[in-house]
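As the structure is a computational prediction, the values presented were derived from the model and not from experiment. The sequence lines fix the lettering, A, B, ..., with proteins before strands; numbering per chain opens at 1. The figures that follow rest on heavy atoms only: side chains count, while hydrogens, waters and symmetry mates do not.
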Amino acid sequence: LDDGATIARRIIQLPNRDEDMGAMLLRHILWRMHEQVGDGTATTAVLFQAGVRESYRYLAAGYNPMRMRRGLQQSVEVTVHHLRNLARPLEGEEAISRVAHALCQDEEMASLLGEIFDIVGSEGYVQVEGGQKRVLEREYVEGGYWKTGWLSARFMTDHKRQVAELAEPAILISDLEINSASQLAPILEKVVQAGFKSFLVIGRDVKDSALGLLIHNARNKVISTLAVRAPGFGAERKPVLRDITALTGGTLLDEQMGASIEHAKLADLGRARRAWARKSRFGLAGGYGDPVLLRRHIAQVRTALAKEEDNFEQDRLRRRLGMLLGGVAVLRVGASTKSEVEVRKARAERGVVAVRSALQGGVVPGGGKAYLDCKAVVQRASQQVSDDAERAGFALLERALEEPLRAIATNAGYAENTVIARLEASADGIGFDARTGQMCDLWTAGILDAEQTLETALQVAMSGVAMVLTTDVLVHRRKPPETEMEP
Amino acid sequence: MNTGAVLDLAFSPNFVHDGFCLAATVGGLLTSHDGGHTWASHPLFKGEVTTCLAISPGFPQDHTLLVGLPGGVLRSTDAGESWTTSELAFSTSPQPSVLALSPNYQRDGIALAGTFGGGIYRTGDRALRWQPWNFGLLDLSVMSLGLSPAFEEDETIFAGTSTGLFRSKNGGLAWREVDIGGEVSVISLAMSPNFALDGELLLGTEEVGLYHSNDRGSHWQRLESWQIEGPANALHFVGDDTLLAASNSGVYTSNDTGQTWALLAGLPSPLCLASPPDCADTLHPSLSGPDGVYPPDGAIRVFAGTAEAGIWYQVPGTQDWNPASIVG
């Protein structure tokens, strides 16, 4: 185990009920951090612990907790503002690799993450999978592919590769159930007459005589055909089908809009350079959709992604965006044993999330230096505050901001106070490299942190501290009575 | 002889010795063996539309020519005596619009073909097999391609499409759109010969003039100095300092990377511009200037292919332009 969230997640229960409440609060805070960013949980824990410790000192001295909380919230805002000012954009394969290496400590993985993100950008979709080989591999899959396969193995065109492939297909895109040959026959006839060599049908379901009609025509070499179930379930299906229409230039035959398969026209059909399907996946490459309309559709998905707060939905939108932007990068993680694969895969997934965050918000000096740089700003801001208790809130954060650096120095076996003193007197960007015990230029050495990670870690940790600060009473749930067993 | 629009021109890397050059036209493929003074229609391509072409940088050794025409790319490895078809995978009717070879084609065998509707195809085996390389390319109508002169090191390629500009920094493996401020049809591209050092490149558009970048295509600025209406059909660097641009009203020249422009030749609708590679001291007889030296001081030797008036070249040592003679 090497990430804070998983370690915290393994804490089930502490024997002391009061301590257990504190532990569960921290566990919840760390998991929230993990959900939001996927990295920075150890930093969050360190900040939280320092914040709680300092707040107890001020409470013992008689400061009002509510006013202290107000000061703490103001000081967090000041710090976040300064962190954003410190951030520089992360650009280029080499720089991305260096940041990835600091996160995953795996040279091969860092190098591949650098290449992948340099290609797909911060919005690109990167899929991490367990690999069959012992090494890491990456593949760039052009176009989109979805988790739904052919509706009959009889569509297979290459038995050795177990794949059905169509070149230059006309594509019928619908969320309708197609179960009768009479539904499909008119449009199939038009497709053949128009000289298309292949025909792909996407429907909520394609079965019975409709499926038979497609297989029959393929068998008799009238036209190559393929039928797949519309990807996605429930409310997710329509957005995905709209993506396919944007990519291929077709029209969605939508039940709610009163469309029917019988009345489908050639102009409703999408087109692509290639379509393929296996048992559980199907994909399109080289869609002939109007690039102007495609860009507009991409802009809509981008807007939705920017507004979305739920992690799962964000991931889904990001995947859609990746497909629309031209492809998906697949990182296959291999290792000698199954458990090693799992560990490496988890590390890769964390790396993907963290690198994306670094690309979106930029990077700041790592190793706790960015937080330390914020100390002076917080100190200056506190001088404008007249209320003692509010100022205590500022002072609380000021002390907590040193703590990540102190933890790094102590863990590496160095005297924390000496390191802090030397760094406070050093120039911008100069920090402590715990691996060598030397001061160095962190930008040049590539010891960098994602700004968004540090910002969120601070906000999440201090929101936890504020909660502890203003909690007066702990209420335990009564232990449920043990029920007697029936004889 | 009327060959229709001249769409592309290419010169042998050994031009000063062999005087060999090619022109892709709507009416067929033209060849010249006398430094571009007279052109003859290649018998195998008579009446066939040829849209683009390329001559291998190692032509004196490998004799390789590539010609794009509706349906695919043809390759010759015997200087045009015989031709074989190259298959563009997964495309029933590719329409190549532009061909570009790696500067190290002899070693790496890499070439790219931009197509209308099918995106970009790449070959890594000297044009035997072509595969689509369109990861990230949102617009599959490719109208111009530019490979970095230092392609071996930086693997940078630019692709102008009907709605924007795309850049690849890994030899075409993946493309990212470059923001040039709106959906613009990019019909021509020119990269500075010193691109690796100065990062200079220009693009020409269908309707909104020229754009310039001096940071390897990351940021672009519209060139206000270009006030010529209509499409910027072609852009071409001659040497390190001189830039040529073709619009429907003629050929223009700039010696300050597009900050100021002057009319060089009032040719009718030039569509493509090209200049032969640097000369050596032993010259093909037809290439020497009036004083027997090529190129004469201050002269720019430039060829222009036009929409309806054939091929023109600048007379060495003068500012005059002559039409090349095209024989049947």
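- The contact between A/Val120 and chain B is made by backbone and side chain atoms together, counting heavy-atom distances below 4.5 Å.
- Residue with the most contacts toward chain A among B/Gly119, B/Ser162, B/Gly117, B/Gly164: B/Gly117 (heavy-atom pairs, distance under 4.5 Å).
- Between the side chains of B/Ser102 and B/Asp108, at least one donor N or O sits under 3.5 Å from an acceptor N or O.
- Contact annotation for residues 195-210 of chain B against chain A (heavy-atom separation below 4.5 Å): no residues qualify.
- A/His297 has its side chain out of reach of A/Arg302: every pair of non-hydrogen atoms, C-beta onward, lies at least 4.5 Å apart.
- Residues A/Asp268 and A/Ile187 fail the side-chain proximity criterion, which asks for heavy atoms closer than 4.5 Å.
- Using a 4.0 Å cut-off between charged side-chain N and carboxylate O, A/Arg273 and A/Glu168 make no salt bridge.
- When side chains are defined from C-beta on, A/Val126 counts as touching A/Phe117, because their heavy atoms get closer than 4.5 Å.
- Taking the six-membered ring where the residue is Trp, the centroids of A/Phe282 and A/Trp276 are separated by 6.0 Å or more.
- For B/Leu140, the part lying under 4.5 angstrom from a heavy atom of chain A is the side chain only.
- Under the salt bridge (charged side-chain N to carboxylate O under 4.0 Å, His left out) criterion, the residue pairs touching residues 147-163 of chain B are B/Arg107-B/Glu152, B/Asp154-B/Arg216, with sequence neighbours excluded.
- Residues satisfying the side chain to side chain donor-acceptor pair (under 3.5 Å) test with A/Lys133, not counting sequence neighbours, are A/Glu137.
- For B/Ser213 and B/Asp215, the side-chain atoms include at least one donor-acceptor pair closer than 3.5 Å.
- A donor-acceptor pair shorter than 3.5 Å cannot be found between the side chains of B/Asn194 and B/Ser192.
- When heavy atoms are compared at a cutoff of 4.5 Å, A/Ile119 approaches chain B by way of both its backbone and its side chain.
- Proximity to chain A among residues 165-180 of chain B is limited to B/Phe166, B/Lys169, B/Asn170, B/Leu173, B/Ala174, B/Arg176, B/Glu177, judged by heavy-atom separations below 4.5 angstrom.
- Ranked by non-hydrogen atom pairs under 4.5 Å with chain B, the options A/Leu324, A/Val141, A/Asp290 are led by A/Val141.
- With respect to the salt-bridge test (charged N to carboxylate O, under 4.0 angstrom), the residues A/Glu165 and A/Arg278 do not qualify.
- Inspection of the B/Thr163 and A/Arg295 side chains reveals an N or O donor paired with an N or O acceptor under 3.5 Å.
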